[in-house]
Amino acid sequence: LDSAIWLFLEMLPRKLRPNDHLLTVLVSGLCKSGSHHKAVDFWCKLSENGFTPNIVTSNALIHGLCRSGSLKIAAQVLKMMLEKGMELDNITYNTIISGTCKEGRLDEAFKLKESMVKRGLKPDNVTYNTLMQGLCDSGRMDEAMLILNDFEKECLSPDLFTCSILIEGYCKIKEVDKGKLFLGKLNNWNLRPNHVLYNSLIGGFCKIGTIKEASDLVKEMKIKGIARTVVTYSILMHGLCSIGCVEEARDVLKMMREDDIKPNVICYTLLVDGYCKMGNMEEARNMFDDMSSSGIDPNKLTYTALMNGFCKVGKLKEASNLLDEMINGGIIPDAATYRVLLLGFCKQGSMEEAYRISQLMLKKCNFSD
RNA sequence: UAUUUACAAGGUUCUU
């Protein structure tokens, strides 16, 4: 990415207009890889040289900044966009409304919706869905439901995002049956249910401990021709593991094979963690080894789950071997990983090994955690 | 295949 930036900056004095699509890809790529400061610098340099990025590229930057929790910087970029005379669009507003909601500042998010109206823009489905999501995240389901009136007032029609946000909201507060009622309302909105709606409900039933209802919904998906996904089955596995039914969760792998869906690293991590939580470290290790032979590489979360398991049963040597193994494999541990190990060693009174690990952490860490 | 909204995995006050 750095050489891509360099190349683009080289073009500036030659009065070559960089390709807008590529600029957008580059800016969002920089943000995704955590270099949002570089993305901002890049945007500024382009502006200073008379090549102010267009609205799409600028929106991508705003989005990247919102995602990394840098709303303050996003506001500064927004200000510069306005100074350059850029016309903000719905996507700009929807993006910052979403970012503001994610920070829990709902009042401010609603004010932003008002200011987009003042600017002559018409809030759309994404705007209302985003605000709804904010309300659902805070458990304010009654207010979320009231947004449906706004849809009608604005002659908008709720979409599958609207439905899944509401279903997920009800599932989160364990009112799964209320969520399920939306399946019946879809016809009124000319919608056909999709896998996300079902996945959310399956998760809801798992959460309230009614695995039977959950697996019935999987059957219903098959009957109705709604595609199951790896998420569908991982939700089921998570539900089973969380009530201690790891063997049943493992059987889900068979269901997946019959359904021609390949398990991914998340599925295996669920099983590794499931066995760890049961204290069955032998099977946990077996699963860990199985996944490699299935060609799926364990990631940071897989290692941390397994290390946590070994720590809990006092096998600290195994845990610290895993730390070395993951680092040698090029997987960067994070704060959660180190916390598991440090807690494990401290509890057992092995302060020297805890110290060694903390030194390792300080040497390797990127200070973001 | 240029930008915005929905679904899955690890640590989380302590003890067990």
Side-chain angles (χ1 to χ4, degrees), chain A residues 18-29 31 53-64 66-67 88-99 101-102 109 123-134 136-137 158-169 171-172 179 194-204 206 229-239 241-242 249 252 263-274 276-277 298-309 311-312 333-344 347 369:
Chain A
N19 177 295
D20 287 321
H21 288 209
L22 289 178
L23 284 185
T24 306
V25 171
L26 185 55
V27 163
S28 49
C31 290
N54 70 12
I55 186 68
V56 175
T57 306
S58 305
N59 285 342
L61 178 59
I62 298 280
H63 179 232
C66 286
R67 266 197 345 184
L88 306 189
D89 63 9
N90 272 30
I91 296 187
T92 321
Y93 271 99
N94 290 339
T95 304
I96 52 177
I97 288 173
S98 168
C101 284
K102 290 264 156 29
D124 55 19
N125 273 32
V126 176
T127 317
Y128 287 112
N129 287 341
T130 304
L131 290 167
M132 234 181 204
Q133 173 79 54
C136 289
D137 284 343
D159 56 25
L160 286 173
F161 282 80
T162 319
C163 296
S164 69
I165 289 164
L166 289 170
I167 289 176
E168 189 65 26
C171 288
K172 200 171 296 168
N194 70 359
H195 58 100
V196 178
L197 304 193
Y198 273 88
N199 289 349
S200 295
L201 287 170
I202 290 167
C206 285
T229 67
V230 65
V231 177
T232 312
Y233 288 105
S234 68
I235 290 170
L236 206 51
M237 293 171 83
H238 186 227
C241 286
S242 64
V252 173
N264 61 13
V265 62
I266 296 184
C267 299
Y268 282 102
T269 303
L270 279 164
L271 293 172
V272 168
D273 187 52
C276 287
K277 297 261 158 73
N299 63 19
K300 184 171 71 181
L301 275 67
T302 322
Y303 273 104
T304 306
L306 189 58
M307 283 164 45
N308 189 36
C311 285
K312 287 268 158 67
D334 67 7
T337 317
Y338 284 116
R339 189 191 153 83
V340 161
L341 280 170
L342 288 175
L343 215 63
K347 264 191 203 162
D369 288 325

Heavy atoms under 4.0 Å, any strand shown: does [X] hit a base, just sugar-phosphate, or nothing?
{"X": "A:Thr95", "result": "sugar-phosphate"}
{"X": "A:Ile167", "result": "nothing"}
{"X": "A:Asn308", "result": "sugar-phosphate"}
{"X": "A:Val340", "result": "sugar-phosphate"}

Margin query: Regarding B:G11, can its base be found pairing with the side chain of A:Thr337 as donor and acceptor, where the two atoms are less than 3.5 Å apart?
Written below: no

Next item on the list: Would you state whether a donor and an acceptor, one from the side chain of A:Asn19 and one from the base of B:A2, lie under 3.5 Å apart?
Entry: no

Check: Does A:Lys102 put a side-chain nitrogen or oxygen below 4.0 Å from OP1 or OP2 of B:A6?
Finding: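 It does, given that an N or O in the side chain of A:Lys102 lies less than 4.0 Å from OP1 or OP2 of B:A6.
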
Note to self: Test of understanding: with salt bridge (charged side-chain N to carboxylate O under 4.0 Å, His left out), list the residues that count as partners of A:Asp124, not counting sequence neighbours.
What the structure shows: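 Scan of A:Asp124 (salt bridge (charged side-chain N to carboxylate O under 4.0 Å, His left out), adjacent residues dropped) gives none.
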
Give me the distance, rounded to whole Å, that separates [N] from [M] when you measure between the [atom1] atoms they each carry.
{"N": "B:U4", "M": "B:A8", "atom1": "C1'", "result": "23 Å"}
{"N": "B:U13", "M": "B:A9", "atom1": "C1'", "result": "24 Å"}
{"N": "B:A2", "M": "B:A6", "atom1": "C1'", "result": "23 Å"}
{"N": "B:U16", "M": "B:U12", "atom1": "P", "result": "13 Å"}

Item checked: A:Gln133 and A:Asp137: side chain donor to acceptor below 3.5 Å ->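 The answer is yes; a qualifying pair exists.
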
Next item on the list: Check whether the side chains of A:Thr232 and A:Thr229 place a donor and an acceptor atom closer than 3.5 Å, and report yes or no.
Entry: yes

Next item on the list: Under the side-chain contact (heavy atoms from CB on, under 4.5 Å) rule, what do A:Asn308 and A:Cys276 come out as? Steps first, then yes or no, please.
Entry: CA-CA 8 Å; A:Asn308 189 36; A:Cys276 287; over 6 Å; no

